[in-house]
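The next block holds one structure in the form of structure tokens; read it before the comments.
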Amino acid sequence: MKVGIVGLGFVGLSLSSVLASKGYDVVGIDVDKEKCKKIINGISPFFEPELEKILKNGLKKKLKISNNFSLINNCDFIFVTVGTPQNTNGSIDLSIIKKAISTIGKNLQKNKKKPIIFVKSTIVPGTMKKVVLPILENKSNKKAGKDFGLISNPEFLQESTAIRDTKFPHVVILGGYQTKFMKKAKKFFMKLHPDVPIIITNHQTAEIIKYANNSFLATKISFINQLSNICQKIPGANVDDIAKTIGLDPRIGKLFLNAGPGYGGSCLPKDMKALINFANISGINPTLLKAVEEVNTKQLEQIISMIKQRLGNLSSKRITILGTAFKPDTDDIRDSIAIELIKKLLKRKATITIHDPKAMKNTEKIFRNRINYAKTVGDALSKSQCAIIMTQWKQYEKLSNNKFKYMTKKIVIDCRRMLIEKQLDVDYFAIGIGK
Ligand code: UGA
């Protein structure tokens, strides 16, 4: 069994490494030569816990990395894991996946096996039938269902737990026609993940399941964020106690009820926009989804007004941002709320210093010399007038009076309630806590 994986981002590189470490013969392909070079040397192009270890293990076995697409010619299974970013109007940008599929199609001509192509990339309903399938058939001069299989196989892994999620997914979705290829795919996944439910459905349902999943997660976050705003108006109220308690109701569930500055990252905001756009063009006014987005946008305004209430005019005020990654255990800053916050504070002419254990380099690529970069939390807080905890990095839990003592005004805004239990000699405000 030979497996080809096209696109070596979080999903593709995790899958390549996990399958190879399990002994599969894997070729991971990416158009980016520099990225391939790094990976061949066992270096991950982005920070993801556990990834490098398992990648190195895979490389010792049968993992090959290349930018040469013809290597998929002798593959039995080909996984498409390229990105599907958004256009400026929020709709999905299919240009990358179209290109990848077209190259796969051309190479299919020479493939003597009857491979199955699994599409893991997030795509709006109808894309498999209207875009992917016609391109593959045209470019290969072969017929889907006869010469090759085509299956929608959306991915649910989270950055920061990508390896665990790849090894132990909560579900496997297989969308497509009920052919011999589907049977083969089911057998493969039953062996790979023996106790995991496998849902077999059609392409369009598989496609929308992914959006349903991400938009429901976003809804939970906006729900708890709106409640956290209400809590702030009730002296002594605590949003975490609410989340903990309602989370015990099995109909609700405890996850994704952690109030904060709003959801960010490369998926939730983009997928919400794509689903809203898709609903609109389908003639449905997605009022709930739009409200979820609006709550998310307003959450940032809420933080800015908390800062302004304490500091007044922000011009020349020294503000420290602790954490720029969109969540802990990643160096990813794509659509990070902290980055948006910095942009807005810079517009108001504040002087910004940041600290992040992993995302400094990526942050520097955006702001260059417009902000200051501190190597330690102590340096970041020294002479600052206001510190804002944006990302829930474990090390920020340890912050104590000792670290805050060199601030010139000791205002701390904790968007993750990390220091709530501490007796601090600071002016402390937390999202979701009524003062
Ligand atoms: C998300 C989904 O969780 C994955 O299931 C999905 O596969 C992935 O998108 C994708 O479509 O590729 P990810 O983007 O890695 O995964 O990030 P999440 O862990 O979902 O976090 C997203 C944002 O929500 C972060 O900014 C995080 O801080 C925020 N969040 C999350 C909260 O504010 N509160 C919570 O309780 C949970």
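The analysis underlying the following values was restricted to heavy atoms, covering all of them including side chains, and did not include hydrogens, waters or symmetry mates. Nothing here was measured: the structure is a model prediction, and the numbers come from that model. First listed ligand is number 1; within each ligand, the first listed atom is number 1.
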>> Need the ligand 1 atom indices (1-based, order shown) with element for anything under 4.0 Å from a heavy-atom of Arg416.
In response: 28 (O), 33 (O)

>> I'd like the name of whichever of Asp271, Asn214, Thr161 reaches closest to atom 2 (C) of ligand 1 through any heavy atom.
In response: Asn214

> Would you say ligand 1 has an N or O under 3.5 Å from any N or O of Phe326?
Replying inline: yes

> Is the closest N or O pair between Gly264 and ligand 1 shorter than 3.5 Å?
Replying inline: yes

> Is there a donor-acceptor contact under 3.5 Å linking the side chains of Asn258 and Gln392?
Replying inline: yes

> Hey, does the side chain of Lys220 reach the backbone of Leu255 with a donor-acceptor pair shorter than 3.5 angstrom?
Replying inline: yes

>> Within ligand 1, which atoms have a heavy atom of Glu155 less than 4.0 Å away?
In response: 7 (O)

> Would you say the side chains of Asn285 and Lys290 form a donor-acceptor pair under 3.5 Å?
Replying inline: yes

> Arg334: heavy atom below 4.0 Å from ligand 1, yes or no?
Replying inline: no

> Under 6.0 Å from the six-membered ring centre of Tyr396 and within 45° of its axis: does the NZ or CZ of Arg416 meet both?
Replying inline: no

> Going by the order shown, which atoms of ligand 1 are within less than 4.0 Å of some heavy atom of Glu159?
Replying inline: 15 (O)

> Could an N or O of ligand 1 be found under 3.5 Å from any N or O of Asn258, whether backbone or side chain?
Replying inline: yes

>> For Tyr24, does the six-membered ring have the charged nitrogen or CZ of Lys62 within the cation-pi criterion, i.e. under 6.0 angstrom from the centroid and within 45° of the normal?
In response: no

